[in-house]
Structures are given as C-alpha cells and as structure tokens.
Amino acid sequence: MTDSPERCGPGIRGVAMAIDTVVWFALLFVAVYPIAAITGDITTTSEGVDASLSGTPGLVALVLWFALALGYHTVLEWRYGQTIGKYLVKIRVTGGDGSPPSLRAAAVRNALRLVDWLPAFYVVGIVAVVASDGSRRIGDRVADTAVVR
C-alpha cells in the first residue's frame, strides 16, 4: 500500500517561491534590457549598464516580465510538475486527484498567483493556504491542483 503524498503548507512553499524569485529577477532583466536597447533607453557607464524605462516602453517591459514569469511557472509545472524552486525543495504540483496538472490547470493556478500576491508579499495566498483544509491557495482551488511532497 502506498501513502498518498503529503500536501505542503506555506513554509516549504515559501522557500520554493523565494528560490523562484531569483528566476523572476533574472526574467526582469530579460524583459527590460532588450526593450531599453530597442528604444535607446540604455546607457553604459564605468559602473555598468543602466536601463531607464518609462511610459509605454516601461509598460511593455512590465507586461513582458509578467508574461515571462507566469509562463515560467505554467510551463514548468505543466511539463514537469515543478519549477526550479519546487525541484530544489522536493515538492511538486499535481492535479487534485494526484495526476500531473494539465496545461489549463497550470495556467489557471498561475494566473491567479497575481491575486495571491495581494495586497503585498503573498498575504492572500498565505492566508488561503493556512485557512484551507487541503493547504491550497486560491489558484489551487480554482484549478483543482495541489502542492505535495
């Protein structure tokens, strides 16, 4: 008889998210610097390279960054059940029944990640996980997914 996977609470999920934040930060550079280079809003000094975006180019870079970050989570969770952070702490995303998540489920749970960030620093997401009987944030509930060991 096999034990069913243990659902993960906010602690280990927070560690995975902290690791994934490093990836998000790298994706910020991937979004900002090409836009800055295209628009000419990039300067090179003796201290390094600086990108200064505002207005429409800044908005384009922000939207691109969100798309890359959400795409990172969505694609890796759909294909592998794990982001880099989840892999390193040995947790994974599953469908509610324990099966691998579908592309739709991965996309829905990650689109709702934006709600979980409200009002700041994942407050809604943490409260949702703690208040849930299955340690599921809002995205997990809507997409019928779970994060397990």
Side-chain angles (χ1 to χ4, degrees), residues 7-96 99-132 134-149:
R7 294 218 174 157
C8 299
I12 195 70
R13 292 171 74 149
V15 173
M17 189 62 214
I19 294 167
D20 285 330
T21 298
V22 174
V23 175
W24 278 46
F25 190 67
L27 292 172
L28 177 63
F29 285 94
V30 170
V32 167
Y33 280 90
I35 301 295
I38 290 167
T39 61
D41 293 322
I42 194 165
T43 56
T44 305
T45 66
S46 60
E47 286 87 38
V49 179
D50 184 37
S52 182
L53 296 176
S54 61
T56 301
L59 180 61
V60 169
L62 179 66
V63 169
L64 178 58
W65 177 50
F66 275 132
L68 290 170
L70 293 177
Y72 159 76
H73 281 271
T74 299
V75 171
L76 289 180
E77 289 175 0
W78 166 55
R79 295 295 296 156
Y80 307 106
Q82 301 171 303
T83 59
I84 293 168
K86 289 179 182 73
Y87 171 79
L88 291 174
V89 299
K90 299 179 178 20
I91 62 177
R92 70 186 193 290
V93 176
T94 67
S99 65
S102 67
L103 176 58
R104 180 193 167 284
V108 167
R109 83 179 294 277
N110 285 296
L112 289 170
R113 181 177 299 281
L114 299 174
V115 173
D116 288 324
W117 266 101
L118 298 173
F121 306 110
Y122 248 90
V123 171
V124 169
I126 292 167
V127 170
V129 169
V130 170
S132 167
S135 296
R136 298 181 348 158
R137 62 179 181 81
I138 293 168
D140 290 319
R141 294 176 197 188
V142 173
D144 190 27
T145 57
V147 178
V148 299
R149 290 189 190 273

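One-based numbering along the sequence shown.
With sequence neighbours excluded, the residues that form a side-chain contact (heavy atoms from CB on, under 4.5 Å) with Ser135 are Arg7, Val129. Among residues two or more places apart in sequence or in another chain, the salt bridge (charged side-chain N to carboxylate O under 4.0 Å, His left out) test is passed with Arg113 by Glu77. Under the side chain to side chain donor-acceptor pair (under 3.5 Å) criterion, Thr74 pairs with no residue, sequence neighbours left out. For Tyr122, the ring pair (Phe, Tyr, Trp, His ring centres under 6.0 Å) test picks out Trp117, with sequence neighbours left out. Residues satisfying the salt bridge (charged side-chain N to carboxylate O under 4.0 Å, His left out) criterion with Arg79, sequence neighbours excluded, are absent altogether. With sequence neighbours excluded, the residues that form a side-chain contact (heavy atoms from CB on, under 4.5 Å) with Tyr87 are Gln82. Not counting sequence neighbours, the partners of Val142 by the side-chain contact (heavy atoms from CB on, under 4.5 Å) test are Val108, Leu112, Ile138. With sequence neighbours left out, Ile91 forms a side-chain contact (heavy atoms from CB on, under 4.5 Å) with Cys8, Ile12, Arg13, Ala16, Lys86, Val89, Val147, Arg149. For the side chain to side chain donor-acceptor pair (under 3.5 Å) test, residues two or more places apart in sequence or in another chain that qualify with Asp20 are Tyr72, Thr83. Shown here are the salt bridge (charged side-chain N to carboxylate O under 4.0 Å, His left out) partners of Arg137, two or more places apart in sequence or in another chain: Asp116.
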Can you give me every donor-acceptor pair (side chain of residues 21-31, partner residue at least two apart or in another chain, under 3.5 Å) with its distance?
{"from": "Thr21", "atom 1": "OG1", "to": "Met17", "atom 2": "O", "distance (Å)": "2.8"}
{"from": "Trp24", "atom 1": "NE1", "to": "His73", "atom 2": "NE2", "distance (Å)": "2.9"}

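Applying the side chain to side chain donor-acceptor pair (under 3.5 Å) definition to pairs two or more places apart or across chains, none involves residues 49-59.
A pairwise comparison of heavy atoms in Pro57 and Ile35 identifies O-CG2, 3.6 Å as the closest pair. In plain terms, the two heavy atoms of Val115 and Val124 that are nearest each other are O-CB, 3.6 Å. Taking every heavy atom of both residues into account, Val130 and Pro10 meet most closely at CG2-CG, 3.8 Å. Annotation for Leu53 and Ala36: closest pair CD2-CA, 3.7 Å, computed over non-hydrogen atoms. Residue Tyr33 comes nearest to Ile42 through the heavy atom pair CD2-CD1, 3.5 Å, listed as atom of the first residue, atom of the second, then distance.
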Item to check | Verdict with supporting geometry, Asp144 and Arg104, salt bridge (charged side-chain N to carboxylate O under 4.0 Å, His left out) | outcome: CA-CA 10 Å; Asp144 190 27; Arg104 180 193 167 284; over 6 Å; no
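Side chains of Arg109 and Pro101 form no contact here, defined as non-hydrogen atoms less than 4.5 Å apart.
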